[in-house]
Amino acid sequence: MTTAALPGGRPVRWGEAGMLAAGLVSLTLLLVVFVVLPLGAILVRSLYDRNDAFVGLANFAAFLQTPALTVSVWNSVAVSALTTTIVVPLAFAYAFAITRTAMPGKGLFKALAQIPILAPSLLPAIALVYLFGNKGVLRDLMMGHSIYGPIGIVIGEVFYTFPHAVMILTVALSTADARLYEAAEALGAGRLRRFLTITLPGARYGLISAVFVVFTLVITDFGVPKVIGGSFNVLATDVYKQVVGQQNFGMGAVVGMVLLVPAVLAFVADWIGQKRQMALLSARSVPYAPRRRPAGDGLALLFCALVAGLLLGILGMAGFASLATFWPYDLTPTLANYDFAQFDSAGWSSYWNSLRLSVWTAVVGTAVVFVGAWLIERSPAARPLAAVARMAAIVPLAVPGMVLGLAYIFFFNAPWNPLGWLYHGMAILVLSTVVHFYTVSHLTAVTALKQLDREFEAVSASLKVPVWTTFLRVTVPLCLPAILDIAIYFFVNAMTTVSAVVFLYAPATKPASVAVLNMDDAGEVAGAAAMAMMIVYTSAGVRALHAVLSWVLQRRTQAWRAR
Amino acid sequence: MSPLPYLRLTGITKTYGGFTALKSVSLDVRRGEFLCFLGPSGCGKTTLLRVIAGLDPQTEGRVELDGRDVSRLPPSARDYGIVFQSYALFPNLSVHGNVAYGLKLKRDAERARVEELLAMVGLPGSGAKFPGQLSGGQQQRVALARALAPAPGLLLLDEPLSALDARVRLHLRRQIRDLHQRLGITTIMVTHDQEEALTMADRIVVMNNGVIDQVGTPDDIYRRPASRFVADFVGAMNMLPGVVAETGRVRLGGLDLECEADAVPGAAVTVCLRPEDVQVRAPAWVNRLDAVIETMEFLGPFHRARLAVEPLGEQRLTADLSANLVRDLDLGAGRRLPVSLPRERLRVFEAAGA
């Protein structure tokens, strides 16, 4: 008989699987508590009046019967539709020039298109006031019309949404299969026919996605109409007025619910589009390489230079105005407008608050997102749990910042909520910002993780190496570029965001973007411009740092990235 | 007394939702043998390997490794090394870092062990390189060294050669086989390539639709396929539909063949014969037919001929004719040729669905 001796002393790592499962459960709970429950709270709140009495759908009925509010709905829709109609073709042409022509300076133009991302949406509005306002340098171009109102809002929103549309369409247009064009050319199709039968259909999901994203960004944006809207009311400013001005939370919740509608539609459309897009490009596709066409390339260059020039012009206007002694009468350069204490009692502290908020958001957000995405996609933990967490991670994309901010008020400010202590601190600002920008970061992490060999975890288990050792020694180093991207995305967005934090800040935690809003409200436009520029300088500086870091990283890891 | 199997699988069932990937599979693997799981894609061979590895635990059944029940143990508590088709090398670690990944030794001992392993797989002195700087075959050898580093009792190979060029594959096939002979480590390899299985394995496990169809030596599998599926899947095969006329006789169209059939008269059967077993030189008088060569395909050492046989109607017979034979008899398309189908080489299976 054989005595099958059990090899003794070998650690059985059941603890590992348990901890991974616990990690997934915590992630799911986190997403439920900070996304799903607050959204439930806003829904519930919309059924109560301002005295906390249950009124059913009375708030909705009142909303429909208040002419001022229904006018806002139409105003919002009109402004959003108009902006979308302008931005999407513009961005399509710009993205087309970047991806499908052989014009010089494509990298530069790609970077310039991202300028608006570095600034809060308040900045283009402030710049427009300087350009076309009552004392504006180009006021005559308005031919008697006022910039305060729909015209100003649309121009400001075009600036603000342009980079988002360009990003989506660049991705859509860069995934082209050269073989399709070769086949079409061989069959005698002309350039217009090739464009109509290959390029446009290939980019159609990108176009749909861009339309929805731009529309949603505009209808839920609060910065531009707040500064330049004048007496032209839109839904986003109504929410602010109802909640912050009149303390009418029930009605604020109703408007918030209305704002959720286009965002959810956009989300669903995007989701359907993504599912179909998958099939378009196979692994065997041959990437499209644009050929030189002097006339077309020249035209593209001219167009891109014009657009980039306008973007730079708007930014430059705000920068210039922030340095002028007394616009427009004394243009002597001065840094006096950067002495914020003279406009706002918070002074520089709101800038430091924003910096703290951004650093915390970048650190906490990146850690949670990356570890979370890894748990969902890579860990050998229970699959059904991962499926639930995967769905929860996508939800924040459908929630506009304003609605999130409102939802957080209703949820975390509720007397029964044991998490109420979070309210009024820096923590709630960090949390809301992490959640607000969660999904895009999550998808970035997932994309990076999916590029790794499926079997790393299996190999490390067979070698009896704990799964987190492999996470730290292999997964994190391999994904470092994506991790940096996520951190920078969180940082810049935390720096510029207004929509959610405007409902959640306390006097001691007021961020810079809200200070811009307050100063503008108080008529201190120069101070507002200076603070907005501080945000731009910081975002741009961090971006530059990121570029340098990425370059260093690329060099240091060249040994193993080489083929 | 036969020794206790090194690995024993009992009643392994694996379901994914409503889909059953493995249906009550039982198997004994002897200590030190080289076993191949062979089958078409989706037959469950990789699933079975992952059950053994503990990567996708079975729904039901028992896995015993070296006398120890590991059915519910996580991968890290079992004792095996694994190599994947994709190599799964850590690209940011050097070759040394990869091979040493599972070692828990002092620095000098570790360096010595890694160098020993690299020499063993034929890559001495490449510890400082990164996987990206190596060819596919070299990377797979590093993966092999990494799996063998902690001296596991069992080596699992999941289609290790499928991603490689034909020439590299042949070379690595021999190297893995040599390594196995030198180390005597119990090895299980999953493959869909029958030639790989036939040349490398001590025993082959042919799988289909989540069950084991046959376990046997390469010779068994090739010469004595136990089922119609194995006969069809491994090697080239003439599959001729017929009906049992009486014990020992099968009717194919207008043809009566003598064979070792024990099915009841009237049963629908498939008669199988390897193309190389069609006898041309000095055909025997048993099962003799008059054939006409319809087409001939040149395949190097032999020609593959399609033979028309009148009583078989539309059904064609495939025969492999050696180059010598073709030259000696001056064979070509259109030639009339008497052939015979050796009685002992004909294998009869009940027809599918019967």
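Naming convention: chains lettered A, B, ... in sequence-line order (proteins, then strands); numbering from 1 in each chain.
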Flag the pair A:Asp453 / B:Phe90 as yes when at least one side-chain heavy-atom distance between them is below 4.5 Å, and no otherwise.
-> no

B:Pro91 versus A:Phe456, closest heavy-atom pair with distance = CD-CZ, 3.6 Å

List the atom of B:Leu55, the atom of A:Ala458, and the distance in Å for their closest heavy-atom pair.
-> CD2-CB, 3.5 Å

Portion of B:Arg146 that has a non-hydrogen atom of chain A nearer than 4.5 angstrom | both

How many angstroms lie between CG in A:Leu463 and OH in B:Tyr80, if you round to the nearest 0.5 Å?
-> 9.0 Å

More than 12 heavy atoms of other residues, nucleotides or ligands under 6.0 Å from NZ of B:Lys129: is that the case?
-> no

Go through the atoms of B:Asp158 and report whether side chain, backbone, both or neither lie under 4.5 Å from a heavy atom of chain A.
-> neither

State which residues pass side-chain hydrogen bond (donor to acceptor under 3.5 Å, both in side chains) with B:Glu115; sequence neighbours excluded, sorted by chain then number.
-> none

Main-chain N/O of B:Arg78 paired with A:Lys464 side-chain donor or acceptor, under 3.5 Å | yes

Part of A:Arg473 within contact of chain B (heavy atom distance under 4.5 Å) | both

Could you walk me through whether B:Tyr101 and A:Thr470 pass side chain to side chain contact (heavy atoms under 4.5 Å, CB included), step by step?
-> CA-CA 9 Å; B:Tyr101 202 77; A:Thr470 304; 2.9 Å; yes

Go through the atoms of A:Thr475 and report whether side chain, backbone, both or neither lie under 4.5 Å from a heavy atom of chain B.
-> neither

Heavy atoms only: give me the nearest B:Gly102-A:Val465 pair and the separation to one decimal.
-> CA-CG2, 4.2 Å

Side chain, backbone, both or neither: which part of B:Leu156 has a non-hydrogen atom closer than 4.5 Å to chain A?
-> neither

State whether the number of non-hydrogen atoms from other residues, nucleotides or ligands found under 6.0 Å of B:Lys14 atom NZ is greater than 12.
-> yes

Identify which part of B:Leu93 has an atom lying under 4.5 Å from any heavy atom of chain A, answering side chain, backbone, both or neither.
-> side chain

